[in-house]
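Written out below as C-alpha cells is the structure these notes cover.
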Amino acid sequence: MSQQSWQKLVEWPLFIAAVLFLAAYSWEVIGDLHGPEAVFAESVIWGTWALFALDYVVNLALAEDRPRWFVRHLLDLAVVVLPVLRPLRLLRVVTILTVIGRTAGAMLRGKVILYAAGASVLLVYVAALAVLDAERGNGGSIETFGEGLWWAFVTITTVGYGDFFPVTPTGQLVAVGVMVGGIALIGVVTGTLASWIVERVSETNEAEQVATKAHIDTLTAEIRELREEMRQRA
C-alpha cells in the first residue's frame, strides 16, 4: 500500500476520532469529572491517541524519503507525543482543520472566509478548554469555562484586557499558541479580502478599457467616413 492510499483510507476515521476526542475532553474538563465517568472519558481520549499514533507510525513507514517526511511533519509528531501535557492534547483537533482545509482549498473565496471563521471559533473553544485544564486549582484567575472562553476570545483578537491571564507554564504555552493562531487567521481573512478588492478593481479597469477601445473604434470609423465624404465633394 502506498502512503497516499493509506492517507485517503484513514482521513475520515481520523476526523471522527478527533471529534470524539474533543467531545470526551470537553466533557471531562467542563464537567470536572471524577470516578467512573472520568475513567470512561480518559479511555476515549487514549483510544483516539492510539489511532493517531498508529497513523503516524504507518505514514513514517510508508514514506519514500523518511528523513524528509519526518522533518516536514513535526506537528504530527507533536500530536502523538504531547498527550503527556494534558491541555496540549488538543493538538489532535488539528486533524479536524486539516480535513476541512483540504476541502476548502477548492472552494470559492467566500467559503474560504467561512472556513477561517469556523477555524477561529474552534480555536477559541479549544483554547478555553486547554487553559481551564491548566489553570484550574493553581491559584490563577481562570477557574471556570466562561472565564476561559472570555480569555481566549480577547487573546485571539489581540485585545488582551488583562482581567484574566494564565499563571502556569502550560497555560502560558497555550496562550502563545492562541496568539500565533489568531495572527495567522487574521492574515488569512485580510489576504482574502485584499485579493477580492484587487480582483474587483482589475475587472472594473478591464471593463473601462473595453469601453474606451469601443469608443475609439467608433470615432475612428466616423473620421474615415468624414474624410471619404470630403474627398467626394472635392
- When clusters are formed by joining ILVMFWY residues with side-chain heavy atoms under 4.5 Å apart, either directly or through shared neighbours, do Trp151 and Val159 land in the same one? yes
- Between Leu51 and Ala17, the two heavy atoms sitting closest are CD1-CB, 3.8 Å
- Query: What's the verdict on side chain to side chain contact (heavy atoms under 4.5 Å, CB included) for Met179 and Ile156, showing C-alpha distance, side-chain angles and the deciding distance?
  - Reply: CA-CA 6 Å; Met179 295 174 200; Ile156 196 175; over 6 Å; no
- Is there a side-chain contact between Leu22 and Leu122, using heavy atoms and a 4.5 Å cut-off? yes
- Find out whether Glu42 and Leu33 are in side-chain contact, i.e. whether some heavy atom of one side chain is under 4.5 Å from a heavy atom of the other. no
- Item | Minimum heavy-atom distance between Leu123 and Val178, given as atom pair plus value | CD2-O, 4.4 Å
- Query: Can you get from Val121 to Val126 by hopping between Ile, Leu, Val, Met, Phe, Trp and Tyr side chains that sit under 4.5 Å apart?
  - Reply: no
- Query: Step by step, would you call Phe21 with Trp49 a side chain to side chain contact (heavy atoms under 4.5 Å, CB included)?
  - Reply: CA-CA 8 Å; Phe21 163 78; Trp49 173 84; over 6 Å; no
- Message: Tell me every residue that passes ring-ring contact (aromatic ring centres under 6.0 Å, His included) with Phe153, counting only those two or more places apart in sequence or in another chain.
- Response: none
- Atom pair CG (Leu60) and CD (Gln3), whose distance is rounded to the nearest 0.5 Å: 9.0 Å
- Describe, in one word, how the ring planes of Trp12 and Phe15 are oriented to each other, choosing from parallel (under 30°), tilted (30 to 60°) and perpendicular (over 60°). perpendicular
- Would you kindly confirm whether Val154 and Leu149 end up in one hydrophobic cluster when ILVMFWY residues are joined by side chain heavy atoms under 4.5 Å apart? yes
- Query: For the hydrophobic clusters of this structure (ILVMFWY residues joined by side-chain heavy atoms under 4.5 Å, transitively), does one cluster hold both Val180 and Val131?
  - Reply: no
- Note on the structure: Between Ala134 and Gly171 the two heavy atoms that sit nearest each other are CB-N, 3.8 Å
- Note on the structure: d(Asp133 CG, Ile30 CD1) to nearest 0.5 Å is 11.0 Å
- Message: One pair to check against side chain to side chain contact (heavy atoms under 4.5 Å, CB included): Gln7 and Asn59. What are the steps and the verdict?
- Response: CA-CA 8 Å; Gln7 290 175 348; Asn59 270 296; 3.1 Å; yes
- Can you get from Val176 to Leu74 by hopping between Ile, Leu, Val, Met, Phe, Trp and Tyr side chains that sit under 4.5 Å apart? no
- Separation between CD (Glu28) and CZ (Phe40), nearest 0.5 Å, reads 12.0 Å
- Query: Is any side-chain heavy atom of Leu129 less than 4.5 Å from a side-chain heavy atom of Ser26?
  - Reply: yes
- Tightest non-hydrogen contact, residues Gly140 and Val167, listed as CA-CG2, 3.8 Å
- Query: Has the side chain of His73 got a donor or acceptor atom that lies under 3.5 Å from a matching backbone atom of Val71?
  - Reply: no
- How far apart are the closest heavy atoms of Ala175 and Pro166, and which atoms are they? CB-CG, 4.1 Å
- Value for CG (Leu14) from OG1 (Thr48), rounded to nearest 0.5 Å, stands at 10.0 Å
- Message: Can you classify the ring geometry of Tyr56 versus Trp69 as parallel (below 30°), tilted (30 to 60°) or perpendicular (above 60°)?
- Response: tilted
- Message: Rounded to the nearest 0.5 Å, what separates atom CD in Gln172 from atom CZ in Phe165?
- Response: 10.0 Å
- Note on the structure: Scanning both residues in full, the closest heavy-atom pair of Ala152 with Ala127 reads CB-CB, 4.0 Å
- Query: Under the 3.5 angstrom rule, does the side chain of Glu135 hit a backbone N or O of Leu132 as a donor-acceptor pair?
  - Reply: no
- Query: Are Val29 and Arg136 close enough that some pair of their side-chain heavy atoms sits under 4.5 Å apart?
  - Reply: yes
- Note on the structure: In this structure, CG of Asp65 is separated from CZ of Arg72 (nearest 0.5 Å) by 9.5 Å
- Message: Are Trp150 and Ile142 packed together at the side-chain level, in the sense that at least one heavy-atom pair is separated by less than 4.5 angstrom?
- Response: no
